[in-house]
*Asks:* 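Sending over a structure as structure tokens; questions will come in a sec.
Just so it is clear, the values below take in all heavy atoms, side chains as well, and ignore hydrogens, waters and symmetry mates.
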Amino acid sequence: MKKVLVASAHSDDPIIGMGGTIKQLILNGYHVCVLSACGDRILGFNDAIEMLGAQPVYFEYRYGQIDEEKLFDDLKKLLEEFNPDVVFTHWHTEILYDHEIVSQQIVKLARRFEKEIYFFEIPASSIGFDFDVAVDITDSFNYKKTAIELMKDAFDERVFLKEIMPSIIYPAGFRGIQVGCEFAEVFKHYGSRFPLSPFRKKVIDIKQI
């Protein structure tokens, strides 16, 4: 069974960034572990991730107060114990400090352990996000919505309705229009060691041009 680690800063990030893809991975037989580095604001997190079929994990950091050195050690331990084949994490240029720190540290470790890496998109904070991989989540979009609804009590009602829910609904439809399906999530492939391909998932067939 292929293993996937989704390393995120906050409990809502993996659902916003790739909730539909997590469900698609599970339906295709993958074992998915989903991390929230910040252990506050996680009311409903376990239920949401388990509803998608994945394994929830969280650290004890608080929003905006991540200790970089300790985070590196905690992530290293998780990587060694779970031993994923593929790692998904935040885009490398983020407005939010927590997002960027988690991305930087997990990428360092994923490179060291020679894991395949993908970045996911958080619409409100991923600066200049560029994608080269898209996943059709039309069949799993309702699971994505249900997952975030299970977490609504973790957030202020206005924030949930005006910021989090729109981040679930609108980007999936927009990306779907871009790539030719009803709903999609998009990713940047950041390469793998085998074969070495640092910025592209694959070389395209010249006949496709």
Side-chain angles (χ1 to χ4, degrees), residues 1-8 10-34 47-56 84-94 99 103 115-152 160-192 197-209:
M1 181 184 292
K2 201 167 187 178
K3 293 182 178 180
V4 175
L5 173 64
V6 180
S8 61
H10 310 119
S11 58
D12 56 319
D13 296 332
I15 301 172
I16 292 172
M18 55 179 296
T21 299
I22 290 171
K23 186 62 179 180
Q24 292 299 123
L25 290 168
I26 295 297
L27 292 173
N28 281 277
Y30 289 70
H31 181 187
V32 182
C33 176
V34 180
D47 291 339
I49 299 305
E50 289 174 357
M51 188 277 297
L52 292 174
Q55 173 189 347
D85 301 285
V86 183
V87 173
F88 286 82
T89 193
H90 292 278
W91 181 237
H92 52 70
T93 309
E94 285 278 336
H99 291 190
S103 178
K115 308 299 183 181
E116 192 162 13
I117 304 168
Y118 291 86
F119 293 124
F120 58 74
E121 173 187 34
I122 302 295
S125 64
S126 299
I127 302 172
F129 186 82
D130 174 33
F131 73 91
D132 53 17
V133 177
V135 175
D136 183 345
I137 63 161
T138 303
D139 293 338
S140 55
F141 177 67
N142 285 332
Y143 286 94
K144 180 182 175 92
K145 284 180 61 181
T146 300
I148 204 67
E149 286 163 356
L150 288 171
M151 292 191 58
K152 66 181 180 181
F160 185 79
L161 293 176
K162 301 297 185 181
E163 297 181 19
I164 295 176
M165 278 306 294
S167 295
I168 294 288
I169 296 170
Y170 300 124
F174 173 66
R175 293 306 194 187
I177 291 170
Q178 286 186 309
V179 302
C181 59
E182 187 172 358
F183 297 108
E185 289 169 342
V186 295
F187 305 91
K188 181 67 175 179
H189 184 245
Y190 206 53
S192 62
S197 53
F199 297 111
R200 293 289 181 268
K201 176 63 176 174
K202 61 182 179 180
V203 177
I204 66 167
D205 185 341
I206 192 67
K207 295 177 183 178
Q208 295 178 355
I209 296 179

*Asks:* Counting N and O atoms only, with roles assigned by atom type, does the side chain of E185 sit under 3.5 Å from a partner on the main chain of G20, one being a donor and the other an acceptor?
*Replies:* yes
*Asks:* Can you establish whether the number of heavy atoms outside K3 located under 6.0 Å from its atom NZ is more than 12?
*Replies:* yes
*Asks:* Working to the nearest 0.5 angstrom, can you tell me the gap between K188 NZ and F88 CZ?
*Replies:* 14.0 Å
*Asks:* Between K144 and I16 (side chain of the first, backbone of the second, donor and acceptor by atom type, cut-off under 3.5 Å), is there such a pair?
*Replies:* yes
*Asks:* Quick one: pull up CD1 in I26 and CE in M51 and give me the separation to the nearest 0.5 Å.
*Replies:* 11.5 Å
*Asks:* Regarding E121 and S126, is there a side-chain donor-to-acceptor distance under 3.5 Å anywhere?
*Replies:* no
*Asks:* Does F183 offer a backbone N or O that forms a donor-acceptor pair with the side chain of T138 under 3.5 Å?
*Replies:* yes
*Asks:* Run the numbers on K23 and L27 for side chain to side chain contact (heavy atoms under 4.5 Å, CB included), then give the verdict.
*Replies:* CA-CA 6 Å; K23 186 62 179 180; L27 292 173; 4.2 Å; yes
*Asks:* Would you call the rings of W91 and F119 parallel, tilted or perpendicular, where under 30° means parallel and over 60° means perpendicular?
*Replies:* perpendicular
*Asks:* Is the shortest side-chain heavy-atom distance between C33 and L5 below 4.5 Å?
*Replies:* yes
*Asks:* Under 3.5 Å, is there a donor-acceptor pair between the side chain of S103 and the main chain of T89?
*Replies:* no
*Asks:* Does atom OH of Y143 have more than 12 heavy-atom neighbours, drawn from other residues, nucleotides or ligands, at distances under 6.0 Å?
*Replies:* no
*Asks:* Would you say I148 and M165 make side-chain contact, with heavy atoms under 4.5 Å?
*Replies:* yes
*Asks:* For the side chain of D132 and the backbone of H189, is there at least one donor-acceptor N/O pair under 3.5 Å apart?
*Replies:* yes
*Asks:* Applying side chain to side chain contact (heavy atoms under 4.5 Å, CB included) to F131 and Q178, what does each step give before you reach the verdict?
*Replies:* CA-CA 11 Å; F131 73 91; Q178 286 186 309; 3.8 Å; yes
*Asks:* Answer whether the closest heavy-atom distance between the side chains of V86 and Y30 falls below 4.5 Å.
*Replies:* no
*Asks:* Run the numbers on V32 and V6 for side chain to side chain contact (heavy atoms under 4.5 Å, CB included), then give the verdict.
*Replies:* CA-CA 7 Å; V32 182; V6 180; 4.0 Å; yes
*Asks:* So, do T21 and F120 sit near enough that their side-chain heavy atoms are less than 4.5 Å apart?
*Replies:* no
